[in-house]
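The shown structure was predicted, so the numbers you read here are calculated from the model rather than taken from an experiment. Atom set for the values below is all heavy atoms of this structure, side chains included, hydrogens, waters and symmetry mates excluded.
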Amino acid sequence: MAWYESLKDYLSLNRKDEILKKANECIQANSNVESNRFLKDFTIITVRCVEEISPTAMVFMDVSAEVYNNNNTSVSSAYYSISFSGNVLTGFSGLNLIYATEFSDKELHEENIPAMFCLPDISIDTIEEEAQRLNRILCTLIKKDPEHKYWFDPVKVKEKYKLKMWPAKLDDGVLGQIRFTPSRADIYDIRDMNKCFTDEPIPANVILINSEYYKSHNNRYDDIIVAAHEFVHWNLHRMYFYISQLLDDNYQLMSCSSEPIVFEDSMSLKDKAYWYAEWQANELAMRVTMPKHLIKEAIDEYENSISESHRVINTSLPHDGFYYKKMIQRFSWWFNVPSGLLRKRFRQLGYDFADGFRFDDEDDYSVFP
């Protein structure tokens, strides 16, 4: 069974000779003949990986190298930047070297765990823009029902990409899974949840949603958000999965858990990368389902749909609490998500009126908004 801590370890143990040979060919082809230099050996300091066209990735390495001249009389140390592309599914066998150039130690890159595992560069500062971009990618060319123009429709998304998505028996605490390789599972006919197909063969690239969503009307979570979570993995993290499987051939799926993973400094590099992938999917799921631009559009539409007789006149506040309560209740239908998730989404976007909205069932008595 293959097991490596990181891509840096895998390349050092499996592709070093090939990289060294091709790097020297590149250096020789681009060097002055009188001062020809060769790499005798190198140690990888950092690795950065970027998806090219899946399953091909671009890899950028900073290495500390032993360098000697063509007659092997002088040996010195230097830092080199080496870049190549290759198929992750074949373990970068037959890689295509792009460049090998010397650089200063001041140009060394810091170790970046997401970049090591080909995860996209997303921060809390850019996540809203990324969600809008991803929403447009997933929903483009999908014909919208005018009555449900704000809905994020997982069924239409999966049909667009020819993905399979089924309710299935999953472990407690697992809300959903995306399986990138063939497997087996107990799945249900979504039209008849009493009809279970036991130990059914499951093809690759399948999304499974916990069947409890379809059996209970009192679930804590929303299946649309879980489906969006898995679509984020499918759209952004396939190369991460391929690299994870290259490092550990036991790695078969990604799961959405009801309990978020807690980041700890003591985690292994692979565990930290998994945390980043889950953080991205968790943070993007609700935002992809209710992207900023559609929330703004819906607020404007709601404002324009309310007659002047419902507006509060001669006050520093544009509306009263009941106005906002009705807005959130209306948006629950417009976006096809529970009111509680809408309130959380409004808070993410800085709409402070959401903090004044109360559900009637939060206490034993009716509460004014």
Side-chain angles (χ1 to χ4, degrees), residues 1-119 121 239-240 242-249 251 265 267-273 276:
M1 182 182 75
W3 193 94
Y4 303 91
E5 174 66 10
S6 68
L7 189 57
K8 182 165 58 175
D9 293 339
Y10 173 83
L11 294 172
S12 295
L13 293 169
N14 294 277
R15 295 288 170 255
K16 189 172 184 178
D17 290 345
E18 183 178 1
I19 294 171
L20 191 63
K21 178 176 181 294
K22 292 187 176 182
N24 279 322
E25 290 173 355
C26 178
I27 293 168
Q28 188 173 19
N30 292 285
S31 295
N32 185 305
V33 175
E34 294 180 358
S35 60
N36 225 348
R37 288 156 62 86
F38 294 85
L39 304 187
K40 185 175 183 179
D41 194 9
F42 65 79
T43 300
I44 301 174
I45 301 172
T46 64
V47 170
R48 305 177 307 285
C49 190
V50 177
E51 181 175 354
E52 196 171 33
I53 299 176
S54 183
T56 300
M58 287 270 295
V59 178
F60 305 88
M61 303 192 314
D62 291 349
V63 306
S64 173
E66 291 182 32
V67 183
Y68 66 97
N69 59 21
N70 54 4
N71 59 12
N72 202 20
T73 58
S74 176
V75 179
S76 60
S77 297
Y79 293 105
Y80 271 78
S81 177
I82 299 174
S83 176
F84 61 86
S85 65
N87 189 325
V88 181
L89 297 181
T90 63
F92 294 102
S93 176
L95 57 88
N96 174 40
L97 194 122
I98 299 168
Y99 63 76
T101 56
E102 187 175 355
F103 69 100
S104 164
D105 59 346
K106 295 179 181 179
E107 299 175 280
L108 281 169
H109 292 84
E110 292 184 5
E111 190 167 77
N112 183 301
I113 292 171
M116 290 173 67
F117 288 82
C118 211
L119 287 164
D121 181 16
M239 286 299 292
Y240 161 74
Y242 295 151
I243 288 175
S244 296
Q245 195 169 48
L246 177 67
L247 303 180
D248 181 358
D249 51 19
Y251 194 85
D265 290 335
M267 286 177 169
S268 67
L269 292 176
K270 287 197 293 187
D271 286 343
K272 288 179 180 178
Y276 277 107

- request: Check whether any side-chain heavy atom of Phe103 lies under 4.5 Å from a side-chain heavy atom of Leu108, and answer yes or no.
  value: yes
message: With heavy-atom distances below 4.5 Å as the criterion, would you say the side chains of Leu11 and Val59 are in contact?
response: yes
query: Can you name the closest pair of heavy atoms from Lys272 and Met267 and give their distance?
result: CE-O, 3.4 Å
message: Could you work out, with ring-ring contact (aromatic ring centres under 6.0 Å, His included) as the rule, every residue matching Phe92, not counting sequence neighbours?
response: Phe84
query: Got a second to check how far Cys26's SG is from Leu39's CG, nearest 0.5 Å?
result: 10.0 Å
query: For Ile44 and Met61, which heavy atoms make the closest approach, and how far apart are they?
result: CD1-SD, 3.7 Å
message: My understanding is that only residues two or more places apart in sequence, or in another chain, count here; which of them pass ring-ring contact (aromatic ring centres under 6.0 Å, His included) with Tyr79?
response: none
- prompt: Is the shortest heavy-atom distance from the side chain of Phe38 to the side chain of Ile27 under 4.5 Å?
  reply: no
message: Please report the interatomic distance CG(Leu89) to CD1(Ile243), rounded to the nearest 0.5 Å.
response: 10.5 Å
- prompt: At their closest point, which heavy atom of Ala78 faces which heavy atom of Val67, and how far apart are they?
  reply: CB-CG2, 3.9 Å
- request: Name all residues meeting the side-chain hydrogen bond (donor to acceptor under 3.5 Å, both in side chains) criterion together with Ser6; count only those two or more places apart in sequence or in a different chain, and write none if there are none.
  value: none
task: Any side-chain hydrogen bond (donor to acceptor under 3.5 Å, both in side chains) involving residues 86-96? Give me the pairs, sequence neighbours left out, ordered by first then second residue.
output: none
Extract all donor-acceptor atom pairs below 3.5 Å that involve side chains of residues 12-21 and protein atoms in other chains or at least two apart in sequence.
{"from": "Ser12", "atom 1": "OG", "to": "Lys8", "atom 2": "O", "distance (Å)": "2.8"}
{"from": "Asn14", "atom 1": "ND2", "to": "Tyr4", "atom 2": "OH", "distance (Å)": "3.2"}
{"from": "Asn14", "atom 1": "ND2", "to": "Tyr10", "atom 2": "O", "distance (Å)": "2.9"}
{"from": "Arg15", "atom 1": "NE", "to": "Gly91", "atom 2": "O", "distance (Å)": "2.8"}
{"from": "Arg15", "atom 1": "NH2", "to": "Gly91", "atom 2": "O", "distance (Å)": "3.3"}
{"from": "Lys16", "atom 1": "NZ", "to": "Asp41", "atom 2": "OD1", "distance (Å)": "3.0"}
{"from": "Lys16", "atom 1": "NZ", "to": "Phe42", "atom 2": "O", "distance (Å)": "2.8"}
{"from": "Glu18", "atom 1": "OE2", "to": "Lys22", "atom 2": "NZ", "distance (Å)": "3.4"}
{"from": "Glu18", "atom 1": "OE2", "to": "Gly94", "atom 2": "N", "distance (Å)": "3.1"}
{"from": "Glu18", "atom 1": "OE2", "to": "Leu95", "atom 2": "N", "distance (Å)": "3.2"}
{"from": "Lys21", "atom 1": "NZ", "to": "Glu25", "atom 2": "OE2", "distance (Å)": "2.8"}

query: What closest approach, in Å, do Ala100 and Ile82 show between heavy atoms, and which atom pair accounts for it?
result: CB-CG1, 4.1 Å
query: How about Leu247 and Asp9: do any of their side-chain heavy atoms sit closer than 4.5 Å?
result: no
field: Distance, nearest 0.5 Å, that separates CG of Leu97 from OG of Ser83
entry: 7.5 Å
Donor-acceptor pairs under 3.5 Å, side chain of residues 48-58 to any protein atom, not counting sequence neighbours: which ones?
{"from": "Arg48", "atom 1": "NH1", "to": "His109", "atom 2": "ND1", "distance (Å)": "3.2"}

task: If the plane angle is over 60° it's perpendicular, under 30° parallel, otherwise tilted; pick one for Phe60 and Tyr99.
output: tilted
